Novice: 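Sharing a structure here in structure tokens format.
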2 protein chains.
Amino acid sequence: MRDREWLPGETIPGEQAIAQEYGCSRTTVNRALRELADLGVVERRRKAGTRVVSQPARAATLRIPVVRKEIEQRGSAYRYTLLQRKEMKAPIHIREKLSLPKGGKVLYILCTHYADGSPYQLEERWINLTAVPTAHDEQFEAISPNEWLVLTEPLSNAEHTFSAINATPEQATLLDIEPNGALFVVERRTWSETHTITAAKLFHPGVTFKMISRT
Amino acid sequence: MRDREWLPGETIPGEQAIAQEYGCSRTTVNRALRELADLGVVERRRKAGTRVVSQPARAATLRIPVVRKEIEQRGSAYRYTLLQRKEMKAPIHIREKLSLPKGGKVLYILCTHYADGSPYQLEERWINLTAVPTAHDEQFEAISPNEWLVLTEPLSNAEHTFSAINATPEQATLLDIEPNGALFVVERRTWSETHTITAAKLFHPGVTFKMISRT
DNA sequence: GAGTGGTCTAGACCACCTG
DNA sequence: AGGTGGTCTAGACCACTCA
């Protein structure tokens, strides 16, 4: 069905018409078209019908696992080190990201994840202590905030931003790379239905790191 | 339904059991669970049942549009410049990526995409001339290979790899950034059901570029 | 071999949106 | 106002895979 070419620039098929033409039920057609819509190949609107998008934006699905699993899946040994941990009033840029009021308290954490002894990721994180008060009692010496939050706050929503920057001198030292070396940065914001939970910046040495998405 | 907590680490619900419990049809339960499986929250296998994943890998969906649209959507003016175009025997690393035989011919293209006059993306591309012979007749002076291929070879599969590198001197010059500046790199491989089509490397100045995925 | 998920059918009601 | 997609039901067959 998805091979067939009635795909000129942007046209309008129908839904139960297709069902008749192919001799299948509308439910099936609906599912097929819905999947095509998810892929971005097709646009659907209630009364207007279904339109074949002219220049579809490729839908790439990434799987972003917990760092430890990511490292172990490459067959490397995982190690974690806590560098800094302090409770503080949220700085302005974090207040904005987490929609916190003036004076809102956060737990700031800086830590490193190693693969086979080499720095794999530098993690900088702010946890909203109003939303996750139990973080106050966790020292994050044995478990990384990444992993702890996945266990503690399941099924949260997230927004990811990917970018590239030149390492600051401190970052270069901590990640054991050349001064000014390229870093792959993942910024993550996480929230539940009621609260914003955490903001994180994850820095990967560019030489090492690749993020892959298939189909 | 997705609020309910029978989410201990990893357990096993049933499918038509759930349908009865919630007083809805199995079709509906199936769809719900299938969507949760797509999100990576749940794992399903035929005989074994459905398991709540303990540390789910976040599924982030990216939309990767045609460069021109990406730029125009930011409200910027788009301009495109062809820098180089030559037919050649595929170098080894491209032969591997495109599964080409020795001596397989490709069309190599180097070009730049500008947003409001500033370099936005440096595109380096190899097109498989066996699979897409019509590329031979296209000069790519008026239209970018990116856009041309989306029009010519619709509905192809793709694999994307994201990484960060330091710009080479040439890249820094072409993109008008500092020497050694960080670049956000998208590598793309594209294939149809029968052929590998193209391999591309897309370089974005790290200072400018961000790639965002929501939920 | 038996039970699970994967997929389909035929029919129905509804919300939305456009013309 | 009417037609579209969105979603649901009740029932069915099949393929896979575990025990």
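Fair warning: this is a prediction, and the values are worked out from it, not measured in the lab.
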Novice: Is the shortest side-chain N to carboxylate O distance from B:Glu35 to B:Arg31 below 4.0 Å?
Specialist: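 Salt bridge: yes.
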Novice: Between D:dC18 and B:Arg45, is there an OP1 or OP2 to side-chain N/O distance shorter than 4.0 Å?
Specialist: yes
Novice: Expressed in angstrom and rounded to an integer, what is the separation of B:Arg26 atom CZ from D:dG11 atom P?
Specialist: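 Computing the B:Arg26:CZ to D:dG11:P distance gives 13 Å.
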Novice: Output the rounded distance in Å from CD (B:Glu15) to C1' (D:dT17).
Specialist: 16 Å
Novice: Are A:Phe184 and B:Phe184 an aromatic pair by the rule of ring centers under 6.0 Å?
Specialist: yes
Novice: Measure from the side-chain heavy atoms of B:Ala48 and tell me the nearest of D:dC18, D:dT9, D:dT7.
Specialist: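 My answer, after comparing the listed nucleotides, is D:dC18.
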Novice: Provide, to the nearest angstrom, the distance between the CG atom belonging to A:Asp38 and the C1' atom belonging to D:dG5.
Specialist: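 That distance rounds to 14 Å.
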Novice: Without decimals, in angstroms, what is the distance between A:Glu35 CD and D:dG5 C1'?
Specialist: 16 Å
Novice: Measure from CZ on B:Arg51 to P on D:dT17 and round the result to the nearest Å.
Specialist: 15 Å
Novice: Sequence neighbours excluded, which residues qualify as side chain to side chain contact (heavy atoms under 4.5 Å, CB included) partners of B:Glu43?
Specialist: B:Arg51, B:Val53
Novice: Should B:Lys201 and B:Glu124 count as an ion pair when the cut-off is N to O under 4.0 Å?
Specialist: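 So B:Lys201 does not pair with B:Glu124 through a salt bridge.
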Novice: What's the shortest heavy-atom distance between A:Ile71 and A:Ala77, and which atoms?
Specialist: CG2-O, 3.9 Å
Novice: Can you tell me if A:Arg31 touches the phosphate of C:dT7, counting only side-chain N or O atoms and a distance under 4.0 Å to OP1 or OP2?
Specialist: yes
Novice: What nucleotide, of D:dT9, D:dG6, C:dG5, holds the atom closest to the side chain of A:Asn30?
Specialist: D:dG6
Novice: With respect to the side chain of A:Thr28, which nucleotide from C:dA10, D:dG5, C:dC8 is positioned closest?
Specialist: C:dC8
Novice: Starting at atom CD1 of A:Ile18, determine the distance to atom P of C:dT9, rounded to an integer number of angstrom.
Specialist: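 After rounding, the reported distance stands at 14 Å.
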Novice: Which nucleotide wins on minimum distance to the side chain of A:Lys47, given the candidates C:dG6, C:dA2, C:dC17?
Specialist: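 Output: C:dC17.
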Novice: Starting at atom CD of A:Gln20, determine the distance to atom P of C:dT9, rounded to an integer number of angstrom.
Specialist: 13 Å
Novice: Side chain of A:Arg46: nearest nucleotide among D:dG5, D:dA10, D:dT17?
Specialist: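 Looking only at side-chain atoms, A:Arg46 lies closest to D:dG5.
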Novice: Would you say D:dT4 has OP1 or OP2 under 4.0 Å from some side-chain N or O of A:Arg44?
Specialist: no
Novice: So, OP1 or OP2 of D:dT4: does either fall under 4.0 Å of a side-chain N or O from A:Thr50?
Specialist: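 For D:dT4, neither OP1 nor OP2 has a side-chain N or O of A:Thr50 closer than 4.0 Å.
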Novice: Distance check needed: D:dT4 P versus A:Leu33 CG, whole Å only.
Specialist: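 Atom-to-atom, A:Leu33 to D:dT4, this comes out as 13 Å.
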Novice: So which nucleotide from D:dT7, C:dA10, C:dT7 ends up closest to the side chain of A:Arg34?
Specialist: D:dT7
